[in-house]
Amino acid sequence: MTVRTRFAPSPTGFMHVGGVRTALFAWLWARKHNGQFILRIEDTDKVREVEGSIGHIMESLRWLGIEWDEGPNVDGPHAPYIQSERLPLYRRYADKLLMGGFAYPDPYTEEELEALRQKAEDEKRPFLYREHRPETEMEWDGTTALRFKAPFIKRYTWHDEARGELTAGEEAVDDFILLKADGYPTYNFCHVVDDIEMEVTHVMRGEEFISSTPKFLSLYDALEMKPPVYVTMPSILGPDGHKKLSKRDGAKDILDYKTEGYLPEALMNFLALLGWNPGTDQELFTPTELIEAFDISRIQKSGAMFNDEKLLFMNQQWMRKLSDREFIKKGNLEAADMERLERAIPVIKERAHTFGDAREMITGELSCLFLRPTLDPAVLLAKDPKDPNLGEPSYTQVILTTLAEALESVEMTSVETVKESLMGIADANPKENGGRGAVLWPLRYALSGQERSPDPFSLIYILGKEESILRIEEALGILE
């Protein structure tokens, strides 16, 4: 059997993490078995459709690295892959059900249906349309809704690859609408038809579809077709660990993560571990490693909490895997001195969790790497051991002069070589003269103009010898 999976979103808004994770699991399972992954657009609810959503769905999946084998803009044997372009197919299946005695025209007006529902509510019992089937069926002329006539009112039991055996009673089987009066099919009907026609073998889906499964199985029975394997995803929970993640809890468009500077590899890695356990302690997976390790038998039943801090940590780990030049390219990073920026990347990698962070650092806390700072003499002398009122050169002046002279002969091959050359001056400074702090503090401040900055050896390596000496000399100048 060739594994064929599908992702079938409705173009009704942005792509959120729940939908994308469903697509990811379906894609992983198809890739693991050298099968096919289908993208199908379920756009039969024209009232809720949002313009541009189809393009947005495709852009979101492609950014994440999920490519489809069949779907919009990709030729396939079951085209078209947009449901509104498949209406004749649904009509043929509806005619087949009519001929078999499994469908009938809906004879009720909206007002009559509402009265029946209200009566059931008043009597405190569930409303089941099948209890109100008309005694005599009229010919269907295509101008009214067409309803399914459930062939078997029974308890259905089915196997879910993630949940095991599931069951629901006859209360879940009803005469639902197949085609609406406008000719468009309902989800309950057209997704079954499409899964049959597209030979889908495995359906990844959310928990909300479990209660409707008896309706689907009843329709498969009427069509004398075998249903696909169902694989139910666990819910993605919000920060409280109890409620499903919502917009109010921070659920957002997948492409917002792109804008904020997340790597698609990191987001794919993070989403794969939301509700799936690889069975090992490994946390970072390349897409290839995910495909090799993924198994639907290890999908969790319980909900998985969306943890922003975990995502930030994972993204940082993926950013650190990049070479410095890749880091600059993928982050679209720019600075006045690009060579200096490249030397600064190790420092940025240590601090940034996203490329958004990195861009803010370049223009914010690390702007001192590209613009000479304005210094405050009082801050520069903050750790000077001598009384500044004695009229003598400050100890800080002596230290900075010594450092500038020593810097002339330092090899600028790495941060470590800079540190090895200059750290001895700090180590040798007596405690009564302020110890290391009296050396490293003014050096750091002279170079950065900040009370908090990267260590002075990293600053020197990034700035270069000439610029570092010039900044030290400017610091000495304000102390004269």
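Computed from a predicted model, the values in this text were never measured in an experiment.
His191 places a side-chain N or O within 3.5 Å of a backbone atom of Tyr187 that can act as its donor or acceptor partner. Between the Asn269 side chain and the Glu265 main chain, no donor and acceptor come within less than 3.5 Å of each other. For the pair Arg343 (side chain) and Ile462 (backbone), a donor-acceptor distance under 3.5 Å is present. Judged by distance alone, the side chain of Asp160 and the main-chain N or O of Thr232 form a donor-acceptor pair under 3.5 Å. Side chain of Ser53 to backbone of Glu49: no donor-acceptor contact under 3.5 angstrom is found. Side chain of Asp253 to main chain of Phe14: no donor-acceptor pair is present (N/O by atom type, distance under 3.5 Å, no hydrogens or angles). Under a 3.5 Å cut-off, the side chain of Thr354 and the backbone N or O of Gly261 do not form any donor-acceptor pair. Distance alone, capped at 3.5 Å, places no donor-acceptor pair between the Asp106 side chain and the Leu146 backbone. Judged by distance alone, with hydrogens and angles left aside, the side-chain atoms of Lys465 form a donor-acceptor pair with the main-chain N or O of Val410 at under 3.5 Å. The backbone N or O of Leu322 lies less than 3.5 Å from a partner atom in the side chain of Lys349, making a donor-acceptor pair.
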Passes side chain to side chain contact (heavy atoms under 4.5 Å, CB included), Glu207 versus Arg163? Steps please. CA-CA 10 Å; Glu207 290 181 322; Arg163 302 296 176 95; 2.6 Å; yes
Set out, in order, the CA-CA distance, both residues' side-chain angles and the distance that settles side chain to side chain donor-acceptor pair (under 3.5 Å) for Thr417 and Thr413, then state yes or no. CA-CA 6 Å; Thr417 57; Thr413 54; 3.2 Å; yes
Assess whether salt bridge (charged side-chain N to carboxylate O under 4.0 Å, His left out) is satisfied between Arg471 and Glu467, documenting all intermediate values. CA-CA 6 Å; Arg471 292 191 181 194; Glu467 178 67 16; 2.8 Å; yes
Intermediate values then yes/no, side chain to side chain donor-acceptor pair (under 3.5 Å), Thr167 and Arg155: CA-CA 7 Å; Thr167 185; Arg155 172 169 289 276; 3.0 Å; yes
Would you sort out whether Ser468 and Leu407 count as a side chain to side chain contact (heavy atoms under 4.5 Å, CB included), showing the intermediate values? CA-CA 9 Å; Ser468 297; Leu407 191 52; 3.7 Å; yes
What verdict does the side chain to side chain contact (heavy atoms under 4.5 Å, CB included) test give for Thr157 and Leu166, after you've listed the backbone C-alpha separation in whole Å, the side-chain angles of each residue and the deciding distance to 0.1 Å? CA-CA 6 Å; Thr157 299; Leu166 297 176; over 6 Å; no
Pair Glu326, Lys321 - check side chain to side chain contact (heavy atoms under 4.5 Å, CB included), show working. CA-CA 9 Å; Glu326 286 177 323; Lys321 285 177 173 284; over 6 Å; no
Quick one, Tyr81 with Asn73, criterion side chain to side chain donor-acceptor pair (under 3.5 Å). Give me CA distance, side-chain angles, the key distance, then yes/no. CA-CA 9 Å; Tyr81 294 91; Asn73 301 330; over 6 Å; no
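Geometrically, Lys252 engages Tyr257 in a cation-pi contact, judged by NZ or CZ lying under 6.0 Å from the ring centre and within 45° of the ring axis.
Pairing each heavy atom of Ile328 with each of Glu342, the nearest pair is CD1-CA, 3.8 Å. When every heavy atom of Thr2 is checked against every heavy atom of Gly35, the shortest pair comes out as CG2-CA, 4.2 Å. Taking all atoms of both residues into account, the shortest heavy-atom contact from Met412 to Tyr461 is O-CE1, 3.5 Å. Scanning both residues, Val3 and Thr5, for their nearest heavy atoms gives CG1-CG2, 4.0 Å. When all heavy atoms of Phe37 and Arg6 are compared, the pair lying nearest together is CE1-C, 4.1 Å. Taking all atoms of both residues into account, the shortest heavy-atom contact from Ile299 to Pro234 is CG2-CD, 3.7 Å.
Checking Arg205 against Ser212 by side-chain atom types alone, no donor-acceptor pair falls below 3.5 Å. Side-chain polar atoms of His202 and Glu161 form no donor-acceptor pair below 3.5 angstrom. Under the 3.5 Å distance criterion, with hydrogens and angles disregarded, a donor-acceptor pair is assigned to the side chains of Glu197 and Tyr93. Judged by distance alone, the side chains of Tyr156 and Asp221 do bring a donor and an acceptor atom under 3.5 Å apart.
Using cut-offs of 30° and 60° on the angle between ring planes, the pair Phe270 and Phe306 is perpendicular. Between Phe216 and Phe209, the ring planes are tilted. Angles from 30° to 60° get that label. The aromatic rings of Trp29 and Phe294 lie perpendicular to each other, with more than 60° between the two planes, well past the 30° mark.
Rounded to the nearest 0.5 Å, atoms CZ (Arg147) and OG1 (Thr186) are 9.5 Å apart. The CZ atom of Phe176 sits 14.5 Å away from atom NZ of Lys149, with the distance rounded to the nearest 0.5 Å. Here the CG atom belonging to Leu440 is positioned 5.0 Å from the CZ atom belonging to Phe457, to the nearest 0.5 angstrom. Taken to the nearest 0.5 Å, the CD atom of Gln83 stands 4.0 Å off from the OH atom of Tyr90. In this structure, CG in Asp175 is found 10.5 Å from NZ in Lys215, a value given to the nearest 0.5 Å. A distance of 13.5 Å separates OG in Ser235 from NZ in Lys243, rounded to the nearest 0.5 Å.
Legend: salt bridge (Lys or Arg N to Asp or Glu O under 4.0 Å) pairs involving residues 441-456, not counting sequence neighbours: none detected. Pairs engaging residues 7-36 under the salt bridge (Lys or Arg N to Asp or Glu O under 4.0 Å) rule: Arg31-Asp69 [sequence neighbours left out].
Judged as a salt bridge (charged side-chain N to carboxylate O under 4.0 Å, His left out), and not counting sequence neighbours, Lys226 has no contacts.
Environment of CD in Glu224: sparse, with no more than 12 heavy atoms of neighbouring residues, nucleotides or ligands closer than 6.0 Å. Atom CG of Asp182 is surrounded by more than 12 heavy atoms from other residues, nucleotides or ligands within 6.0 Å.
The aromatic ring centres of Tyr104 and Phe148 sit 6.0 Å or more apart.
Using a 4.5 Å cut-off on side-chain heavy atoms (C-beta onward), Arg48 and Pro11 make no contact. Annotation: side chain of Phe327 is in contact with side chain of Leu333 (closest heavy-atom distance under 4.5 Å). Proximity of Arg351 to Asp357: side-chain heavy atoms (C-beta onward) are nowhere separated by under 4.5 Å. Here the side chains of Asp45 and Ser10 are not in contact, with every heavy-atom distance at 4.5 Å or above. Taking the side chain as every heavy atom from C-beta outward, Leu245 and Leu237 never approach each other to under 4.5 Å. By the 4.5 Å heavy-atom criterion applied to side chains, Tyr262 and Leu311 are counted as neighbours. Looking at Pro185 and Leu178, their side chains never come closer than 4.5 Å, going by heavy atoms from C-beta outward. Between Leu369 and Leu459, some side-chain heavy-atom pair lies under the 4.5 Å cut-off.
The pair Arg4-Glu70 meets the salt-bridge criterion, since a charged nitrogen lies less than 4.0 angstrom from a carboxylate oxygen. Salt-bridge formation is detected for the pair Arg40/Glu42: a Lys NZ or Arg NE/NH1/NH2 atom is positioned less than 4.0 Å from an Asp or Glu carboxylate oxygen.
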